[in-house]
Amino acid sequence: MKRLPYAFYARPARQVAQDLLGKLLARRFDGRLICGRIVETEAYCDADEPDLACHGDRANDGRPTPRTAVMFGSAGFAYVYFTYGMHWMFNIVTGQEGQANAVLIRALEPLTGVDLMAQNRNGRSRREWTNGPAKLAQALAIDKSLNGANLCQPDGVIWLEDAPPPSEQIAAGPRIGLGQTPEPWYSIPWRYWLRGNPYVS
DNA sequence: CAGACGATTGCCT
DNA sequence: GGCAATCGTCTGT
């Protein structure tokens with residue numbers, strides 16, 4: 001299996017978000033491998049148009065802040081942030097440097113290191129290990145220490161691997177949990193998933 | 001420096 | 001379906 005290269009990420013977020021479906025998210029943890037197949041993503045921001053749901057557009061008048069700085073940086077790095085006082089979210093920076101583009105990984109299908117996922121998810125049922133953005137972060141032991149991690153680095157502890165295109169159909173719909181975000185961004189269909197997959201959130 | 005709120009989850013009715 | 005948990009980040013005073 002081949003690690004996804006920088007060029008894969010250095011494209012518009014919506015394109016990367018769809019192409020990530022079926023790829024593998026891998027994590028080296030406790031000397032072992034945890035790996036899952038990506039089945040749900042969301043795109044935030046695009047080069048051409050504003051996205052008021054995106055942290056990079058919403059805060060500080062569209063300028064970087066300490067939290068969002070990574071989002072404005074090079075593609076192929078991890079943007080990990082803390083929310084609701086208890087949850088970590090794992091995103092992948094996409095697009096061009098200077099633009100706030102990222103893809104949120106929302107759900108995985110467990111493949112490797114299932115005992116570690118069960119342990120990290122406190123013994124919950126298999127279906128609840130990775131069917132949500134904060135759940136998969138916990139299952140893969142993703143936290144602040146991985147913010148800014150280089151996903152293309154050969155000896156990194158978190159990366160993505162190429163995989164054949166998915167056989168499932170790709171579905172699209174509005175993004176989840178946008179709260180007070182105004183239209184049209186509240187309803188714009190930038191969430192993508194593999195139709196029928198049981199691990200979609 | 002105080003106040004509002006969040007790219008969610010899990011428990012309760 | 002409703003709602004509390006829990007704290008970092010951002011904003012306005």
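Any value given below was found using the heavy atoms of this structure, including those in side chains, with hydrogens, waters and symmetry copies removed. A note on names: the letters A, B, ... follow the listed sequences, proteins ahead of strands, and every chain is numbered from 1.
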Query raised in the report: Using 4.0 Å as the upper bound for N to carboxylate O, is an ion pair formed by A:K23 and A:D162?
Result: yes
Report task. Could you tell me whether the side-chain ring of A:Y84 sits stacked on the base of C:dA5, using a centroid cut-off under 5.5 Å and a plane angle under 30°? Result -> no
Query raised in the report: Closest to the A:H87 side chain: B:dG10, B:dT9, B:dG6?
Result: B:dT9
Query raised in the report: Are any of the side-chain nitrogens in A:R106 or A:E42 under 4.0 Å away from the carboxylate oxygens of its partner?
Result: yes
Query raised in the report: Counting only side-chain N and O atoms of A:T65, is one of them less than 4.0 Å from OP1 or OP2 of C:dC10?
Result: yes
Query raised in the report: For A:R124 and B:dT9, is the shortest distance between a side-chain N/O and OP1 or OP2 below 4.0 Å?
Result: no
Report task. For A:N147 and C:dG8, give me the distance from atom CG to atom P, rounded to whole Å. Result -> 15 Å
Report task. State whether A:K144 places a side-chain N or O below 4.0 Å from either non-bridging phosphate oxygen (OP1 or OP2) of C:dG8. Result -> no
Requested in this report: Kindly indicate whether a cation-pi arrangement holds for A:R121 with A:W129, taking the cut-offs as under 6.0 Å to the six-membered ring centre and within 45° of the axis.
Outcome: no
Report summary line: The Watson-Crick or G-U wobble partner of B:dC1, with both key distances under 3.5 Å, is C:dG12
Query raised in the report: Expressed in angstrom and rounded to an integer, what is the separation of A:Q180 atom CD from B:dG3 atom C1'?
Result: 15 Å
Requested in this report: Would you mind classifying the nucleic acid contact of A:A134 as base, sugar-phosphate or nothing, using non-hydrogen atoms under 4.0 angstrom?
Outcome: sugar-phosphate
Query raised in the report: Do A:H55 and A:Y44 have ring centres separated by under 6.0 Å?
Result: no
Requested in this report: Starting at atom CH2 of A:W88, determine the distance to atom C1' of B:dT9, rounded to an integer number of angstrom.
Outcome: 16 Å
Query raised in the report: So, A:R37 and A:E168, do they make that salt bridge, N to O below 4.0 Å?
Result: yes
Report task. Would you indicate which nucleotide in B:dA7, C:dG8, B:dT9 comes nearest to any side-chain atom of A:L178? Result -> B:dA7
Requested in this report: Would you mind telling me which of B:dA7, C:dC10, C:dG8 lies closest to the side-chain atoms of A:H55?
Outcome: B:dA7
Report task. Find the distance A:N131:CG to B:dA7:P and express it as a whole number of Å. Result -> 19 Å
Report summary line: Checking C:dC10, B:dT8, B:dT9 against the side chain of A:R121 (C-beta onward), the nearest is B:dT9
Requested in this report: In whole angstrom, give the distance that lies between atom CZ of A:R191 and atom P of B:dA7.
Outcome: 16 Å
Query - Proximity to the side chain of A:E128 - top-ranked nucleotide from B:dG10, B:dT8, C:dT11 - result: B:dG10
Report summary line: In whole angstroms, the gap separating P of B:dT9 from CG of A:N122 amounts to 15 Å
Query raised in the report: Base, sugar-phosphate, or nothing for A:M89, non-hydrogen atoms under 4.0 angstrom?
Result: sugar-phosphate
Query raised in the report: Any idea which of B:dA7, C:dT11, C:dC7 is nearest the A:N60 side chain?
Result: C:dT11
Query raised in the report: In the structure shown, which nucleotide is the Watson-Crick or G-U wobble counterpart of B:dA7, with both distances under 3.5 Å?
Result: none
Query raised in the report: Has A:R175 got a side-chain N or O lying under 4.0 Å from the OP1 or OP2 atom of B:dT8?
Result: no
Query raised in the report: What's the CE-P distance between A:M71 and C:dT9, to the nearest Å?
Result: 15 Å
Report summary line: In whole angstroms, the gap separating P of B:dG10 from CD of A:Q138 amounts to 7 Å
Query raised in the report: Would one find a side-chain N or O of A:R58 under 4.0 angstrom from OP1 or OP2 of C:dT9?
Result: no
Query raised in the report: Looking at the side chain of A:L104, which of C:dT11, B:dT9, B:dA7 is the nearest nucleotide?
Result: B:dA7
Requested in this report: Test A:W185 against A:E183 for side chain to side chain donor-acceptor pair (under 3.5 Å), laying out the working first.
Outcome: CA-CA 5 Å; A:W185 302 283; A:E183 296 288 1; over 6 Å; no
